[in-house]
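What follows is a single structure, written as structure tokens, with notes after it.
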Amino acid sequence: MCAARITRFTVAGALAVTWGLFAAPVASADVRLPDETTVEMVDFERHIMGLVGKMGCNASSCHGSFKGQAGFRLSLFGSDLDKDYAALTGDGRRINRADPDASLVLLKPTKTVSHGGGLRFEKDSWQYQLLRTWIHQGARWEKGSGAIAAMIIDPPEYAFTRPGETGQLKVRARFADGREENIISFSSFRSNNEGVAEVTPLGQVKSRQAGDTFLVVSYRQEVMPVRTTVPREAPAGFQYPQVPEINYIDREVFGKLRRLNIVPSDLAGDAEFLRRVTIDTIGIQPTPDEVRAFLADKDHHKRTKKIDDLLAHPMHAALWATRLCDITGNNTRTLELPNWIRSERSQMWHDWFRKRMADNMPWDQIVQGVLCATSRDGLPVADWIEQAEEFDAANLKGKPTTYAQQRKSLDLFWRKSMSLEVMGEQTAAAFLGIRLECAQCHKHPFDRW
């Protein structure tokens, strides 16, 4: 028994030393990166996870999907390092410390063995050498080594002077330990509009045609935009005209157009102005008589007066109440039972918004009235019950009331027949401008939801 135990311990110890479990990291040649820098000690967080993200291995279309691919699952965009390290090193097949070249993380991407994701890099590439060196050094992980304090992009904005010019982005990371590294080889780049500007996998930018777009630079879970402008080529002798600015919005818009060498259109004529402003504010076109009267009016302030008249029009409050009902999810079929009163409740919802639009209530107060709504509105229980019974009795007789309009809050928003998950999604979309549906299946790529 003792001999057997000693034999097992000796074999296990030998394997442990071979695999680098107890031994110091094995020295190896530096890895030369495409940006001409070198990596001596390969870091799991800084380098390996950066490479995994750049190669797209942890994207939702690959191993970062909810179920992974071919039995190998990574967290989406590297959101869970513990799980990713366990997935890479846990079974001894994907990472082979005894024989790094036999590791599946090298055999699969090089298509030495079958790989559904196709060829990701060649065997003599820097990506291969980086992964191999990490495995050869013991596939170690120093937790927290890649915590990022800041990502620095130079230049923070690209303003080209004409189409066809090129430039180079520089990307550095300042880590929590105070050290800075050039991370351009581990960063991903994409253009929101390749018709305006293209960007290569190593951050070289080329302007293509006039326009304005953003280049998106990501490193692991850090994402930063780089605004890129390409002006129109101006003819010889062109002088940008003086454009009158009416308000601060004009100043910002015209400033951007000037950078792009785009001259804004002339002011709309009276007929065009009347049609646009009428449709925008009350949702209908002006009548022929209204058009004739407006065109015949010689008052220099007639446009301002028309805007004031339209904002005071009852259809303005009705139109915007309808839009707010759409935004906040006023759906008759999801309102409380019984069925006979659902349509009345839907009308109450619209009436509540309509009164506030007519009263020109500030947006923050309207939102507070929805998100902080209570059914009692501060009333004693007995008074609230009496009020609700009066409302039901009036509806049974077919007599509409102003009950909803007088309420301080819109409790109907919270009284819909749906799950808490759906309510959360609708509330985030309506009031935060955020879509949370994807968080039902996986973590959000750039936020913690």
Side-chain angles (χ1 to χ4, degrees), residues 246-249 273-287 290 294 299 301-332 334-336 341-381 383-395 397-416 423 426-433:
I246 306 302
N247 52 43
Y248 69 94
I249 297 176
F273 166 82
L274 182 64
R275 179 177 58 83
R276 289 180 177 181
V277 75
T278 306
I279 292 174
D280 285 347
T281 49
I282 65 174
I284 59 176
Q285 294 198 51
T287 66
E290 289 173 332
F294 189 75
D299 189 344
H301 301 290
K302 65 180 181 181
R303 294 193 180 192
T304 301
K305 291 179 179 179
K306 175 54 71 174
I307 291 172
D308 291 338
D309 290 344
L310 290 170
L311 291 177
H313 195 289
M315 280 298 296
H316 173 64
L319 173 67
W320 282 91
T322 301
R323 290 179 176 173
L324 290 172
C325 282
D326 289 339
I327 291 170
T328 54
N330 180 2
N331 185 340
T332 304
T334 65
L335 294 177
E336 285 181 307
I341 205 171
R342 277 181 162 177
S343 59
E344 281 74 11
R345 294 192 194 281
S346 184
Q347 185 62 51
M348 288 167 57
W349 195 315
H350 186 274
D351 291 345
W352 191 87
F353 276 122
R354 184 170 182 169
K355 183 176 189 308
R356 277 142 190 82
M357 293 303 300
D359 292 346
N360 199 26
M361 179 179 282
W363 286 114
D364 59 337
Q365 294 181 27
I366 294 176
V367 172
Q368 183 181 23
V370 178
L371 293 182
C372 302
T374 61
S375 294
R376 284 170 51 192
D377 258 354
L379 291 174
V381 174
D383 293 346
W384 170 65
I385 292 175
E386 181 181 353
Q387 187 183 68
E389 288 176 342
E390 290 176 356
F391 167 74
D392 288 343
N395 276 290
K397 297 176 182 178
K399 296 180 178 180
T401 70
T402 58
Y403 165 72
Q405 298 180 15
Q406 306 306 321
R407 287 182 53 84
K408 297 177 184 176
S409 63
L410 182 67
D411 65 329
L412 293 172
F413 178 79
W414 299 109
R415 289 166 59 182
K416 292 179 286 187
M423 282 299 301
Q426 289 196 357
T427 304
F431 298 105
L432 299 177

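Ionic pairing of Lys408 and Asp377 is not present here: no N-O contact between side-chain nitrogen and carboxylate oxygen is shorter than 4.0 angstrom.
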Evaluate the criterion side-chain contact (heavy atoms from CB on, under 4.5 Å) for residue pair Phe353 and Ile366; output intermediate values, then yes/no. CA-CA 8 Å; Phe353 276 122; Ile366 294 176; 3.7 Å; yes
Evaluate side-chain contact (heavy atoms from CB on, under 4.5 Å) for Met357 paired with Leu324, printing each intermediate quantity in order. CA-CA 10 Å; Met357 293 303 300; Leu324 290 172; 3.9 Å; yes
In sequence, state the C-alpha distance, the side-chain angles, and the governing distance for Leu310 and Thr278, and then conclude on side-chain contact (heavy atoms from CB on, under 4.5 Å). CA-CA 7 Å; Leu310 290 170; Thr278 306; 4.0 Å; yes
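For the atom pair Leu379 CG and Ile385 CD1, the distance stands at 11.0 Å (nearest 0.5 Å). Note that CZ of Phe431 is 4.5 Å distant from CZ of Phe413, once rounded to the nearest 0.5 Å. Put simply, CG on Leu319 and NE2 on His313 are 11.0 Å apart, with the number rounded to the nearest 0.5 Å. Atom OG1 of Thr427 and atom CG of Leu371 lie 7.0 Å apart (nearest 0.5 Å). Rounding to the nearest 0.5 Å gives a distance of 11.0 Å between CG of Asp351 and CD of Glu344. A distance of 10.0 Å separates OG1 of Thr281 from CH2 of Trp320, quoted to the nearest 0.5 Å.
Distance alone, capped at 3.5 Å, places no donor-acceptor pair between the Gln365 side chain and the Pro362 backbone. Of the possible donor and acceptor atoms, none in the side chain of Trp349 sits under 3.5 Å from a partner among the backbone N and O of Cys325. Remark: the backbone N or O of Trp352 is paired with a side-chain donor or acceptor of Arg356 at under 3.5 angstrom. A distance-only check finds a donor-acceptor pair linking the side chain of Arg407 to the backbone of Ser375 [under 3.5 Å].
Arg345 pairs by the side-chain hydrogen bond (donor to acceptor under 3.5 Å, both in side chains) definition with nothing, not counting sequence neighbours. Every residue meeting the side-chain contact (heavy atoms from CB on, under 4.5 Å) condition with Ser346, not counting sequence neighbours, appears here in chain and number order: Asn330, Thr332, Leu335. Legend: residues meeting side-chain hydrogen bond (donor to acceptor under 3.5 Å, both in side chains) with Asn247, ordered by chain and number and at least two apart, are absent. With sequence neighbours excluded, the residues forming a side-chain hydrogen bond (donor to acceptor under 3.5 Å, both in side chains) with Thr322 are His350, listed by chain and number. For Asp359, the side-chain hydrogen bond (donor to acceptor under 3.5 Å, both in side chains) partners at least two apart in sequence or on another chain are Lys355. With sequence neighbours left out, the salt bridge (charged side-chain N to carboxylate O under 4.0 Å, His left out) criterion links Asp364 to no other residue.
The minimum heavy-atom distance linking Asp299 with His301 is given by the pair OD1-N, 2.9 Å. Smallest separation of non-hydrogen atoms from Ala317 and Ala358: CB-N, 3.7 Å.
Residue Gln368 places its CD atom among 12 or fewer non-hydrogen atoms of other residues, nucleotides or ligands, all under 6.0 Å distant. For Gln285, the CD atom sits in a loose shell: 12 or fewer heavy atoms of surrounding residues, nucleotides or ligands are nearer than 6.0 Å.
Contact of the Leu274 side chain with the Lys306 side chain is registered, since non-hydrogen atoms from C-beta on lie closer than 4.5 Å.
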